[in-house]
Protein chains: 2
Amino acid sequence: MYLRCLRKLQTEGVERISSNAMAQRFHLSSSQIRKDLAAFGEFGIRGVGYEVDALANHLRELMGLDRTHGVVVVGVGNLGTALSRFPGLQRDTFRVVGLFDTDPAKVGSEVAGHVVRPTEELADVVAETGARLGILAVPAPAAQASYDLLADAGVTAVLNFAPAQIKERAGTSVRSIDIRVVLEELAHRSIALDVPPTI
Amino acid sequence: MYLRCLRKLQTEGVERISSNAMAQRFHLSSSQIRKDLAAFGEFGIRGVGYEVDALANHLRELMGLDRTHGVVVVGVGNLGTALSRFPGLQRDTFRVVGLFDTDPAKVGSEVAGHVVRPTEELADVVAETGARLGILAVPAPAAQASYDLLADAGVTAVLNFAPAQIKERAGTSVRSIDIRVVLEELAHRSIALDVPPTI
DNA sequence: GGGTGTGAAACCTTTCACAGCT
DNA sequence: AGCTGTGAAAGGTTTCACACCC
């Protein structure tokens, strides 16, 4: 969240900012900002504030965003295709290094500059490219098997869009986005108009 | 979250469950479960536990999931198409009632059983159908304008997939899923393997 | 006996306020 | 003078433990 705020400040050309100014700008509390940022190390300058660039770089490093992360995408339906084409996945922080599907009709076709490969080749591609991130865009019944495939291949973090509960394995963390759950939260908000949005 | 757990219990045929059993089953704390469920009203039976069906129904009602929610989808690219075809959006809780796009090449085509309409017709469709939920699957630069369109039409909650900061208006709450942010969190996890997953 | 609902205790997070650095 | 970093106070949340009910 702080990184997002700092990036916004960078695009605005702000070079230094105090916890107070930042609190006003982003509707936070200044003491909370100081506590949090101090936890990452002493990055403020007393009497001055925080150096936006230096702090952003520090947080980027802390989050591992200073290197390129290879991403493999399993499932090349509409969702997988949309994600593969997503500009944020073609840059130097995240780069799609392989698309996989079990459907023979899809294997061999080209999507977002990549030839879709059979899932049998996933382990090889992960080994060759050193990819550590995986995206699951398969139907719910195929989710667990695909996750296991990714885990076996050595992927360490998986983003799952299938509405299925993945049985996690040590060394391969999962973050699931279940559209059904998000919609339900939305339904709740639309009937209870005073529910504050999540940050 | 409780509703998800209860649904899982329902599919397993469990009719009654104690806070202790539930805690074990879903890795929660029994006292937390009791406190939370008690907050919704006295739904447990002392000496017995909780009636799964009755509690699920109560929570469903509380979340507004006992009625049908009409959903309009703005943006019929790969993502919009994937979402429109999503089975969870064709049932009696959530039902897509209209697809919209500005691209003349897409307008008139049929996706997931709906004819894609120009965004000019959005307000009419929302008025006719009484839809209160909207999904934004447009490119980032078009996000704010599309949100405003939804807000003007009377939609009360919007799920935004565009990587853009929406300026919210009173009466139309926004929940954004920014794939970039999710990926960054994932990158952090893949380098710091001890970060626990979000529930 | 078994299990909920709930005050009290323990624990954690946020805010306050100020010493100390630039 | 101005602003950070940080102990102390305030405010919340979670766990404990037990009275009370089935």
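Throughout, protein chains are lettered first and strands after them, A, B, ... in sequence-line order, and every chain is numbered starting at 1.
Following rounding to the nearest Å, B:Glu42 (CD) and C:dT6 (C1') show an atom-to-atom distance of 10 Å. In this structure, CG of A:Asn20 is placed 13 Å from C1' of C:dT15, rounded to the nearest angstrom. Counting to the nearest Å, the P atom of D:dC3 and the CD1 atom of A:Ile33 are 13 Å from each other. Rounded to a whole Å, the CZ atom of B:Arg16 is 12 Å from the P atom of C:dT4. Spacing between atom CG of B:Leu28 and atom C1' of D:dT13 amounts to 15 Å, rounded to whole angstrom units. The CZ-P distance, from A:Phe43 to C:dT22, rounds to 15 Å in whole Å. The CZ-P distance, from A:Arg34 to C:dC18, rounds to 13 Å in whole Å. The distance between atom CG of B:Leu37 and atom P of C:dG5, rounded to the nearest whole Å, is 8 Å.
Within 6.0 Å of the CZ atom in B:Arg60, the count of heavy atoms belonging to other residues, nucleotides or ligands exceeds 12. Sparse packing is recorded around CD of A:Glu15, with 12 or fewer heavy atoms of other residues, nucleotides or ligands lying under 6.0 Å away. Applying the 6.0 Å contact sphere to CD of A:Gln24 captures no more than 12 heavy atoms from other residues, nucleotides or ligands.
Nucleic acid contact for B:Gly44: sugar-phosphate only, since backbone atoms but no base atoms lie under 4.0 Å from a heavy atom of the residue. Contacts of A:Ser19 with the nucleic acid, taken as non-hydrogen atoms under 4.0 Å apart, involve only primed sugar atoms and P, OP1 or OP2.
Inter-residue side-chain proximity for B:Leu55 and B:Glu51 is flagged as unmet; no heavy-atom pair is nearer than 4.5 Å.
Minimum interatomic distance between A:Ser30 and A:Ala23 (heavy atoms only, all atoms of both residues): N-CB, 3.6 Å. For A:Arg189 against B:Ser173, the heavy-atom pair with the smallest separation is NH1-OG, 2.7 Å. The shortest non-hydrogen separation linking B:Val116 to B:Phe100 is CG1-C, 4.3 Å.
Over its full length, the helix from C:dG1-D:dC22 to C:dT22-D:dA1 turns its helical axis through 10°, comparing axes from the five pairs at each end and rounding to 10°.
For C:dT22, its base never sits under 3.5 Å from the side chain of A:Arg46 at any donor and acceptor pair.
Taking the six-membered ring for Trp and the full ring otherwise, A:Phe43 and A:His58 have centroids separated by under 6.0 Å.
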List every contact pair, protein side and nucleotides 11-14 of chain C side both N or O, where the distance is under 3.5 Å.
unit_1	atom_1	unit_2	atom_2	d
C:dT14	O5'	A:Gln32	OE1	3.1

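In terms of phosphate contacts, B:Tyr50 brings no side-chain nitrogen or oxygen within less than 4.0 Å of OP1 or OP2 of D:dC22.
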| message | Under the criterion salt bridge (Lys or Arg N to Asp or Glu O under 4.0 Å), I'd like the reasoning laid out for B:Glu12 against B:Lys8: C-alpha separation, chi angles, the key distance, then a yes or no. | response | CA-CA 6 Å; B:Glu12 288 167 17; B:Lys8 194 160 274 177; over 6 Å; no
